[in-house]
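For the single chain, residues carry numbers from 1 onward in sequence order. All values below come from the heavy atoms of this structure, side chains included, with hydrogens, waters and symmetry mates left out. These figures come from a predicted structure and were not determined experimentally.
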Amino acid sequence: MKEPLFYRIVRPIVTFLMKLVFRPNYIGLENIPKSGKIILAGNHTNNFDSPLLLSTTKRVIHFLAKDSLTKGILGPGFKAMGIIPVNRSIHDKGALNNAINTLKEDKVIGIFPEGTINRTNDIIMPFKIGAVKMAHETDTKIVPFTITGEYKVFKKNITIEFYKPIKLKSNDLTKENERLMNFISKQLEEKRK
């Protein structure tokens with residue numbers, strides 16, 4: 001897969017705007033490998049989460065995102081950014097296969113395993129199994145991350161933290177998915193204290 005040129009143009013602009021407007025705190029950036037395949041997986045709090053994640057590394061992040069983003073007036077722009085569209089109404093094997101092929105080319109996948117923005121009072125919503133399934137199929141490590149705080153203009157109130165890459169310990173994907181979810185949930189709970 002060819003790296004999307006549009007991404008290379010947009011990333012510095014988005015990064016500048018994120019840092020100017022929201023002044024995010026970045027913690028653990030050293031845990032994002034400079035090369036090789038990796039999956040970035042974390043909680044989903046807001047529509048700004050993807051631009052925030054994009055601003056953390058110069059590497060191209062191929063986001064798994066709802067397929068409706070590739071339709072309408074902004075559709076061509078999202079496609080040119082290299083997103084992998086997912087039909088959330090079905091178990092989209094095509095999207096999973098595209099993501100697996102992307103990892104096989106030593107690229108970066110960005111995914112929010114909750115599948116949508118968490119608008120509940122729960123600290124985290126149940127994770128869909130895609131992240132661990134991709135990791136298992138490609139022998140890829142997962143870099144968990146948490147997003148905490150709120151997106152407030154000029155307030156330096158949002159933090160994204162990356163943790164050390166984790167490797168799956170077993171072939172039991174349900175158990176591994178629960179382990180990933182519990183790890184991220186525990187980090188979020190500690191930050192609420």
J.: Within the distance-only criterion (no hydrogens, no angle test), does the side chain of Arg8 pair as donor or acceptor with the backbone N or O of Lys58 below 3.5 angstrom?
T.: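 Confirmed, Arg8 side chain pairs with Lys58 backbone.
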J.: Give a yes or no on whether the backbone of Ile124 and the side-chain of Asp122 come within a donor-acceptor separation of less than 3.5 Å.
T.: no
J.: Okay, side chain of His62, backbone of Gly82: is any donor-acceptor separation there less than 3.5 Å?
T.: yes
J.: Which pair of non-hydrogen atoms, one from Pro4 and one from Ala80, has the smallest distance, and what is that distance?
T.: CB-O, 3.0 Å
J.: Looking at every heavy atom in both Gly28 and Phe162, which two are closest together, and how far apart are they?
T.: O-CB, 3.3 Å
J.: Please report the interatomic distance CZ(Phe145) to OG1(Thr159), rounded to the nearest 0.5 Å.
T.: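 It comes to 13.5 Å.
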J.: Just jot down the side-chain contact (heavy atoms from CB on, under 4.5 Å) partners of Asn118, sequence neighbours excluded, or say none.
T.: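 For Asn118, the residues satisfying side-chain contact (heavy atoms from CB on, under 4.5 Å) (neighbours in sequence not counted) are Glu114, Thr120, Met125.
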J.: Would you please name every residue forming a side-chain hydrogen bond (donor to acceptor under 3.5 Å, both in side chains) with Arg23, sequence neighbours left out?
T.: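 Partners of Arg23 by the side-chain hydrogen bond (donor to acceptor under 3.5 Å, both in side chains) criterion come out as none, since no residue qualifies.
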J.: Roughly how far, to the nearest 0.5 Å, is CG of Leu173 from CD1 of Ile129?
T.: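 Here the interatomic distance stands at 5.0 Å.
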J.: Would you call Thr148 and Leu188 a side-chain contact if the rule is heavy atoms closer than 4.5 Å?
T.: yes
J.: Might you point out which heavy atoms bring Ile38 and Pro165 nearest each other, and give the distance in Å?
T.: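 Scanning both residues, the minimum pair turns out to be CD1-CB, 4.5 Å.
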J.: Under the criterion side-chain contact (heavy atoms from CB on, under 4.5 Å), I'd like the reasoning laid out for Ile147 against Ile158: C-alpha separation, chi angles, the key distance, then a yes or no.
T.: CA-CA 7 Å; Ile147 298 173; Ile158 195 82; 3.8 Å; yes
J.: Between atom CG of Asn98 and atom CD1 of Ile83, what is the distance when rounded to the nearest 0.5 Å?
T.: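 One finds 11.5 Å between CG of Asn98 and CD1 of Ile83.
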J.: Please say which of Asn47, Asn157, Asn46 ends up in a side-chain contact (heavy atoms from CB on, under 4.5 Å) with Tyr151.
T.: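 Single pass found, and it is Asn46.
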J.: Once you round to the nearest 0.5 Å, how far does CZ of Phe63 lie from CG of Asp49?
T.: 9.5 Å
J.: Would Leu74 and Phe48 show up in the same hydrophobic cluster when neighbours are defined by side-chain heavy atoms closer than 4.5 Å?
T.: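 Same hydrophobic cluster.
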J.: Does the salt bridge (Lys or Arg N to Asp or Glu O under 4.0 Å) test come out yes or no for Lys37 and Glu105, once each step is laid out?
T.: CA-CA 7 Å; Lys37 60 188 175 185; Glu105 294 179 14; over 6 Å; no
J.: For residues Ile184 and Pro144, report the shortest heavy-atom separation together with the two atoms involved.
T.: CG1-CB, 4.0 Å
J.: Starting at CE of Met181, measure out to CD1 of Ile123 and round the result to the nearest 0.5 Å.
T.: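 Going from the CE atom of Met181 to the CD1 atom of Ile123 covers 11.5 Å.
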J.: One pair to check against side-chain contact (heavy atoms from CB on, under 4.5 Å): Asn177 and Lys133. What are the steps and the verdict?
T.: CA-CA 9 Å; Asn177 193 45; Lys133 191 161 179 62; over 6 Å; no
J.: Between Leu53 and Thr56, which heavy-atom pair has the shortest distance, and what is it?
T.: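 Shortest heavy-atom contact: O-OG1, 2.6 Å.
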J.: Any side-chain heavy-atom pair from Pro33 and Val143 closer than 4.5 angstrom?
T.: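 Pro33 reaches Val143 side chain to side chain.
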J.: Are Leu29 and Thr57 close enough that some pair of their side-chain heavy atoms sits under 4.5 Å apart?
T.: no
J.: Using a 3.5 Å distance criterion without hydrogens, assess whether the side chain of Glu176 forms a donor-acceptor pair with backbone atoms of Ser170.
T.: yes
J.: Taking a hydrophobic cluster as the set of Ile, Leu, Val, Met, Phe, Trp and Tyr residues connected by side-chain heavy atoms closer than 4.5 Å, whether directly or through intermediates, do Val21 and Leu54 fall within one such cluster?
T.: yes
J.: According to side-chain hydrogen bond (donor to acceptor under 3.5 Å, both in side chains), who are the partners of Ser55, at least two apart in sequence or on a separate chain?
T.: Tyr26
J.: Can you name the side-chain contact (heavy atoms from CB on, under 4.5 Å) partners of Ala99, sequence neighbours left out?
T.: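 Once residues adjacent in sequence are excluded, the partners of Ala99 under the side-chain contact (heavy atoms from CB on, under 4.5 Å) criterion are Leu64, Ile84, Ile109, Met134.
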J.: With Ser35, which residues qualify under side-chain hydrogen bond (donor to acceptor under 3.5 Å, both in side chains), at least two apart?
T.: none
J.: What is the distance from atom CD1 of Ile160 to atom CG of Leu52, rounded to the nearest 0.5 Å?
T.: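 Nearest 0.5 Å value for the CD1-CG distance: 4.5 Å.
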J.: Test of understanding: with side-chain hydrogen bond (donor to acceptor under 3.5 Å, both in side chains), list the residues that count as partners of Asn171, not counting sequence neighbours.
T.: His136
J.: Between Tyr163 and Phe183 (judged by ring centroids, cut-off 6.0 Å), do the two rings come close enough to count as a pair?
T.: yes
